[in-house]
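Okay, so here's the structure we're looking at.
Sequence lines set the chain letters: A, B, ... in the order given, protein chains first and strands last, and positions in each chain run from 1. Excluded from the calculations below are hydrogen atoms, water molecules and symmetry mates; all remaining heavy atoms, backbone and side chain alike, are included.
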2 protein chains.
Amino acid sequence: MAKPQPTLTQLRALVGVADHRHFGRAAAALHVSQPTLSSAVAALERTLGVQLVERTTRSVLLTGVGEQIVARARGVLGAVDDIAEVAMRARAPLTGDIRLGVIPTVAPYLLPRLLPTLRGRWPQVRLRLREAQTSTLLAELRGGALDLALLALPNDEPGVTEIPLYDEDFVLVTPAEHPLAGGSAVPLAALAGQDVLLLEDGHCFRAQALDVCREAGARERATLRAASLSTIVQMVAGGLGLTLLPAAAVGVEVGEGRGLAVATFSRPVPHRRIGLAYRATSARVVDWDLLAQEVRAALPGTDLELCPVPVGNPKVTRSG
Amino acid sequence: MAKPQPTLTQLRALVGVADHRHFGRAAAALHVSQPTLSSAVAALERTLGVQLVERTTRSVLLTGVGEQIVARARGVLGAVDDIAEVAMRARAPLTGDIRLGVIPTVAPYLLPRLLPTLRGRWPQVRLRLREAQTSTLLAELRGGALDLALLALPNDEPGVTEIPLYDEDFVLVTPAEHPLAGGSAVPLAALAGQDVLLLEDGHCFRAQALDVCREAGARERATLRAASLSTIVQMVAGGLGLTLLPAAAVGVEVGEGRGLAVATFSRPVPHRRIGLAYRATSARVVDWDLLAQEVRAALPGTDLELCPVPVGNPKVTRSG
DNA sequence: CAAGTTTGATAGCCTCGATCTATGGCTAAG
DNA sequence: CTTAGCCATAGATCGAGGCTATCAAACTTG
């Protein structure tokens with residue numbers, strides 16, 4: 001026996017009846033006639049072999065199975081709408097609002113490079129930026145307040161997919177007269193006993209740098225936690241200690257003639273991976289992949305190592 | 001402009017092509033002719049306005065958008081199959097295998113009452129029982145190795161739905177000659193300084209009883225952790241201390257003439273809630289509701305307080 | 001290099017099912 | 001008992017989706 005499968009039209013009819021609890025009004029809302037709706041629901045019940053709706057002339061109620069199936073039908077119809085939206089987004093890629101959250105240790109160094117490129121190549125896109133720490137960004141991402149987050153990977157957040165973008169080394173910033181100043185392959189162990197200045201709690205870069213310090217045997221100057229890398233670098237210039245910076249920050253934070261020197265570590269060089277994160281259910285994956293390409297294209301050429309582009313054939317190109 | 005929506009047939013066609021990477025074979029697998037399949041995919045691309053498949057005479061590839069949409073289409077088709085299964089299950093309620101996990105502090109006291117009732121009223125059902133601690137049960141439930149778990153609530157497990165069944169009070173079991181023996185409204189504070197025997201780590205009832213002890217100021221005899229309530233009661237009879245039992249265990253564990261006495265607490269009486277847990281995506285919710293009714297019907301009449309039946313109209317009755 | 005083979009697209013026809021209008025039957029209210 | 005409201009049924013119509021036959025393109029092979 002061949003089992004007839006439910007039809008999308010039938011599912012829409014059922015959901016409509018469930019919503020309105022009234023065949024006539026549901027039919028009007030679905031722009032079909034009442035008998036059409038009636039027979040659609042009846043056909044669904046026939047193919048499923050179960051009564052879904054209790055009809056009396058006075059009221060329309062769902063049976064227990066009916067409730068179950070209505071819930072699933074809503075899911076199906078929503079997913080079909082999603083498919084249409086995915087296609088629509090792909091037809092007009094990278095347009096409209098994108099709510100992007102960025103962590104504070106990336107934003108000031110990457111955005112000045114990204115924004116002009118993006119505006120030039122995708123004038124239709126409007127970035128709505130938000131700067132916050134990782135935990136905030138992930139919460140807002142899951143809650144739907146953000147479309148996309150630019151942060152350090154991995155986060156192992158269920159339901160969130162990540163696109164790796166680049167790896168950036170950590171470098172050592174010291175006063176110019178410091179013994180380690182300007183070194184080119186400083187071993188981690190050279191940090192032992194040094195006073196290292198770090199960000200305040202909640203910054204992921206604080207945790208990453210702290211790991212390095214622990215391994216190296218350095219100690220944190222805990223009384224001097226700063227709110228930004230900028231402040232920390234000022235403090236280093238003031239002779240209060242030394243600090244680690246992610247490579248991308250060096251150009252902006254360590255200027256000439258400020259009495260500062262940058263040293264690089266010997267292998268294995270401590271580093272972190274930066275990438276994009278989005279809800280796995282997002283209908284705009286194609287957009288996010290394109291944006292990832294733009295970020296990679298906007299990267300400073302030297303110190304940052306691009307992550308390989310993961311998948312598939314990037315068939316979608318700019319429209320126009 | 002009215003947008004034509006994708007059809008289930010079209011989605012099936014697309015998924016088939018994605019699976020086989022070959023129109024002819026996909027058509028055979030779907031039991032349609034090759035031109036039909038071809039035109040279905042073409043129609044889908046037309047309604048979505050996006051190219052989904054790269055066709056050459058030599059190979060068939062998916063575009064980026066195509067991959068996205070295939071993934072979602074699989075979800076849609078799976079959900080539709082689920083709907084059919086929900087209906088099928090409702091047509092033949094409570095039949096077939098049910099893999100039920102039960103925690104050790106419930107199983108020996110509830111199952112002897114439940115099993116005969118169940119066999120009598122639903123002879124077609126076959127329970128495959130498994131006794132394990134909460135964490136194991138929940139892991140197996142999520143992994144699909146179990147259909148259903150009978151344990152203490154709440155667990156706040158994402159993706160897992162819980163049906164409350166009954167609340168059971170904790171009672172105090174002491175040697176017959178103990179000062180608290182047989183009391184009828186013992187305040188928790190009376191436990192202060194007493195030696196209480198508890199289960200070994202991992203049992204949820206251990207944690208629950210330990211909470212009571214902490215609040216009451218009792219101390220655990222940590223050198224005597226037991227693997228079962230049965231063992232603990234033996235130890236109490238041997239004068240090694242006293243213990244807490246969930247009410248349902250009293251009848252089985254505390255017999256006559258074994259030198260044991262049962263005392264009840266004053267209000268607020270410590271208690272725990274027992275219920276069923278299942279994957280929120282399960283297609284057999286109707287079955288689980290029915291089984292919950294059977295558990296309630298099988299309950300010992302006196303000490304356990306039924307939880308209110310939550311929802312809906314239990315339209316489904318026994319078939320036959 | 002030409003013929004053959006493989007494979008997906010197109011054309012034309014047909015069938016079945018979804019939809020419509022018209023109507024019937026049931027229930028609750030007055 | 002009548003009336004109004006509401007869902008089910010009947011019969012007609014039309015289009016989506018199916019099939020067979022054929023074409024066009026590309027790779028293979030003697």
Side-chain angles (χ1 to χ4, degrees), chain A residues 1-63 66 70 73 76-77 80 84 315, chain B residues 1-63 66 70 73 76-77 80:
Chain A
M1 79 184 197
K3 263 194 191 171
Q5 286 244 323
T7 305
L8 284 182
T9 315
Q10 291 170 358
L11 296 184
R12 271 186 270 269
L14 177 66
V15 169
V17 169
D19 284 342
H20 293 84
R21 307 195 163 284
H22 188 288
F23 277 68
R25 285 192 284 277
L30 293 174
H31 306 108
V32 296
S33 71
Q34 172 265 314
T36 299
L37 188 79
S38 227
S39 73
V41 174
L44 183 59
E45 289 180 322
R46 193 164 359 99
T47 63
L48 294 181
V50 180
Q51 183 178 4
L52 303 173
V53 182
E54 292 268 325
R55 310 114 150 113
T56 69
T57 51
R58 264 306 158 216
S59 65
V60 172
L61 288 179
L62 290 174
T63 64
V70 164
V76 170
L77 298 177
V80 172
K315 279 294 163 193
Chain B
M1 78 183 198
K3 262 191 194 174
Q5 286 244 323
T7 304
L8 284 181
T9 314
Q10 291 170 357
L11 296 185
R12 271 187 270 268
L14 176 65
V15 170
V17 169
D19 284 341
H20 294 84
R21 305 194 164 286
H22 188 288
F23 276 70
R25 284 192 285 277
L30 294 174
H31 306 107
V32 296
S33 70
Q34 172 265 314
T36 299
L37 187 80
S38 226
S39 74
V41 174
L44 182 60
E45 289 180 320
R46 196 163 358 98
T47 65
L48 293 180
V50 181
Q51 183 178 4
L52 303 173
V53 182
E54 293 267 327
R55 310 115 151 114
T56 70
T57 50
R58 262 306 158 218
S59 66
V60 173
L61 288 179
L62 289 173
T63 64
V70 165
V76 169
L77 298 176
V80 171

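- What separates CG of B/L11 from P of D/dG17 is a distance of 12 Å, to the nearest Å.
- Looking at heavy-atom distances under 4.0 Å, B/T9 makes contact with sugar-phosphate atoms alone, never a base.
- Counting all heavy atoms, side chain and backbone alike, A/T47 lies closest to A/L44 at OG1-O, 3.0 Å.
- Here the CG-CD distance, from A/L62 to A/Q51, works out to 10.5 Å after rounding to the nearest 0.5 Å.
- Comparing D/dG17, C/dG8, D/dC19 by their nearest atom to the side chain of B/S33 picks out D/dC19.
- Nearest-nucleotide mapping onto DNA chain D: of B/P35 and B/A43, the residue sitting toward the 5' end is B/A43.
- For the atom pair B/R25 CZ and B/H20 NE2, the distance stands at 8.0 Å (nearest 0.5 Å).
- The closest donor-acceptor contact from the side chain of A/E45 to the backbone of A/L52 lies under 3.5 Å.
- In this structure, A/L44 atom CG and D/dC7 atom P are separated by 17 Å, rounded to whole Å.
- Look at CZ on B/R12: it is 12 Å from P on D/dG17, rounded to the nearest Å.
- Considering only side-chain N and O atoms, A/T36 lies nowhere under 4.0 angstrom from the phosphate OP1 or OP2 of C/dA18.
- In terms of heavy-atom proximity, B/F23 sits nearest to B/V53 at CE1-CG1, 4.4 Å.
- Between the CD atom of A/Q34 and the C1' atom of D/dC7 there is a distance of 5 Å, given to the nearest Å.
- The distance between atom CZ of A/R55 and atom P of D/dT9, rounded to the nearest whole Å, is 9 Å.
- Rounded to a whole Å, the CG atom of A/L37 is 10 Å from the P atom of C/dC20.
- Taking a 4.0 Å limit (strictly below) on heavy-atom distances, residues 13-27 of chain A reaches DNA chain D at A/H22, A/F23, A/G24.
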Under 3.5 Å, sequence neighbours excluded: what are the donor-acceptor pairs made by side chains of residues 8-19 of chain A?
| from | atom 1 | to | atom 2 | distance (Å) |
| --- | --- | --- | --- | --- |
| A/Q10 | OE1 | A/T7 | N | 3.2 |
| A/R12 | NH1 | B/Q5 | OE1 | 3.3 |
| A/D19 | OD1 | A/R74 | NH1 | 2.9 |
| A/D19 | OD1 | A/R74 | NH2 | 2.9 |

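- Across every non-hydrogen atom of A/A84 and B/L48, the tightest pair is CA-CD2, 4.1 Å.
- Atom P of nucleotide D/dA16 and atom CG of B/L8 are separated by 17 Å, given to the nearest angstrom.
- Taking 4.0 angstrom as the limit, A/S39 places none of its side-chain polar atoms (N or O) nearer than this to OP1 or OP2 of C/dT19.
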